[in-house]
2 protein chains.
Amino acid sequence: MALSTLKPAIDPAFLEKLQDYYAEHKVIPSYSVLATLWGMSAKSWVSEIVKRFEEARYLDWTPDKQLKPGPRFFERRLTDQPVQAGLPNPAISDGYDLITLDDYLVRLPSRTSLVRVKGDSMIDAGIRDGDLIIVEQQPNANIGDIVVAIVDNEFTVKYLDREKTEFVLKPANKAFPVIRPRGGMEIFGVMAGLARRTR
Amino acid sequence: MALSTLKPAIDPAFLEKLQDYYAEHKVIPSYSVLATLWGMSAKSWVSEIVKRFEEARYLDWTPDKQLKPGPRFFERRLTDQPVQAGLPNPAISDGYDLITLDDYLVRLPSRTSLVRVKGDSMIDAGIRDGDLIIVEQQPNANIGDIVVAIVDNEFTVKYLDREKTEFVLKPANKAFPVIRPRGGMEIFGVMAGLARRTR
DNA sequence: TTGAATACAGAACGATTGTTCGGTATCAAG
DNA sequence: CTTGATACCGAACAATCGTTCTGTATTCAA
């Protein structure tokens, strides 16, 4: 009871409504719009709530003193265990962590880019047509890495392997041939992750 | 000379500066900030430029008459082809420049959570051990959807199917059995995407 | 060389912004 | 039964917003 209630509580429902609004419009609304969004009628109270979000780093300000999403605004719940509806919580944790997908997938923003996968040549590595590969750009790689290489002026995603003295690109699909680029090849980068949208 | 010059020209440099500002702050600035950003000193001229962007659908308005990114705001040239030489352009893949991966993967923040995949039961659907499933929480789903269900107080990712009158959960891996939950099951949500980190 | 666009600047103005401050209702602790 | 938080409402206000209108410099075709 001593230290716990230092910071005022933030209402997750308010945050969720704002996140949904932002997801739809890609903009943080004004205080009066926030008021209706949150079901209030006083801008002064909105101001108070915003200050709490600001302190919790869900919101932030531009150098021009405009409200903008803060560092934690895009955090998502990572649910470990299903929270049973009926059962009382067995006194443990909340059952989830918070992670930001961008931070999770991109660790070196300046060297990272995305490449869309075409075809099924890497199916056995769990890489499907249309997937987005997160690539860390670098001119060399290790045997066994999944690399994005430039062959015939096109991107190719393949395993990097060596045959005798030459590097080759191996698909993860028996129906596809090994690529033996004549006269060297260029490595664009190494796969660091994958993003897929279904639905 | 007749029909061609109906629409006034839009200056790509202005758009790029605004896109850069947005990428940094995740917000569209006010007209006076835009003026300095664009090197002008008259808001009236900003207003004119904005109207052109609006007509070209690079900008749009919220129902609350606030300026927001338009449908084409995140659009860039269609670069499937690798750009040779000094890697001029990171961060892109296809026609759309993703502002964030989070935005790409999450469409309804308040109903979205992440679940970590355990095991290889969905390998043939390109879902591997350790992957993060983006789940849109909802109590029901359609046959054929990949769902996250709660069985024995644990999350399971499977195809939803029906046998006669009962719902069953089908793995995407012949080595695993079909799950026929006795006495009904609870659906946590439907898979909407996937995030994987390698390396 | 004239005229009509185009690309700005600048002032004026009502509307809207976010802040501040004073007030009220609820509720749990002492 | 007080007291002090907490959760709001409502009014007032200066600052800033975006619009509108008038004016000017440049360009370029006729």
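Convention: sequence-line order gives letters A, B, ...; per-chain numbering from 1.
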Nearest-0.5 Å distance, CD1 of residue B:Ile127 to CD1 of residue B:Ile133: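 Spacing of CD1 (B:Ile127) from CD1 (B:Ile133) equals 4.0 Å.
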Between CG of A:Asp11 and CD of A:Glu16, what distance do you get to the nearest 0.5 Å?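 Here the rounded value is 9.0 Å.
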Report yes or no: does A:Arg116 contribute a side-chain atom to a donor-acceptor pair with the main-chain N or O of A:Gly130 at less than 3.5 Å?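 Side chain of A:Arg116 to backbone of A:Gly130: a pair is present.
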Main-chain N/O of A:Gly193 paired to B:Arg197 side chain as donor or acceptor, under 3.5 Å: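 Such a contact is absent between B:Arg197 side chain and A:Gly193 backbone.
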Closest-nucleotide ordering on DNA chain C, the 5'-leading residue of A:Pro29 and B:Ile49: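 Comparing both residues, the 5'-ward one is B:Ile49.
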To the side chain of [X], which of [options] is closest?
| X | options | value |
| --- | --- | --- |
| A:Met40 | D:dC9, C:dA9, C:dT19 | D:dC9 |
| B:Ser32 | D:dC17, C:dG10, D:dA7 | D:dC17 |
| B:Ser30 | D:dC17, D:dC9, C:dA7 | D:dC17 |
| A:Lys43 | D:dT19, C:dT19, C:dA9 | C:dT19 |
| A:Ser41 | D:dG18, C:dA7, D:dC9 | D:dC9 |

Both A:Phe14 and B:Lys51 contact DNA chain D. Taking the nearest nucleotide for each, which residue is further toward the 5' end?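 Looking at DNA chain D, the more 5' nearest nucleotide goes with A:Phe14.
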Atom pair distance, as rounded to whole Å: [atom1] in [X] and [atom2] in [N]:
| X | N | atom1 | atom2 | result |
| --- | --- | --- | --- | --- |
| A:Leu67 | C:dT17 | CG | P | 13 Å |
| A:Trp45 | D:dA5 | CH2 | P | 15 Å |
| B:Asp11 | C:dA7 | CG | P | 9 Å |
| A:Glu48 | D:dT6 | CD | C1' | 10 Å |
| B:Leu34 | D:dG18 | CG | P | 8 Å |
| A:Tyr31 | D:dC9 | OH | C1' | 17 Å |

Got more than 12 heavy atoms from elsewhere within 6.0 Å of CZ, A:Arg57?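 At most 12 heavy atoms, drawn from other residues, nucleotides or ligands, come within 6.0 Å of this atom.
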Heavy atoms from other residues, nucleotides or ligands near CG of A:Asn140 exceed 12 (cutoff 6.0 Å):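 Check passes, neighbour count above 12.
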Let me test you: for the helix from C:dT1-D:dA30 to C:dG30-D:dC1, what is the angle between the axes at its two ends (five pairs each), rounded to 10 degrees?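 If I round to tens, the end axes sit 20° apart.
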Examine D:dA7: is either OP1 or OP2 under 4.0 Å from a nitrogen or oxygen in the side chain of A:Arg52? Give yes or no.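 For A:Arg52, the contact criterion (side-chain N or O under 4.0 Å from OP1 or OP2 of D:dA7) is met.
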Below 6.0 angstrom between ring centroids: does that apply to B:Phe14 and B:Phe53?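 Aromatic pair excluded; centres sit 6.0 Å or further apart.
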Is there a donor and acceptor pair closer than 3.5 Å between the side chain of A:Ser44 and the base of D:dG10?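 For A:Ser44, whose side chain was compared with the base of D:dG10, there is a donor-acceptor pair (under 3.5 Å).
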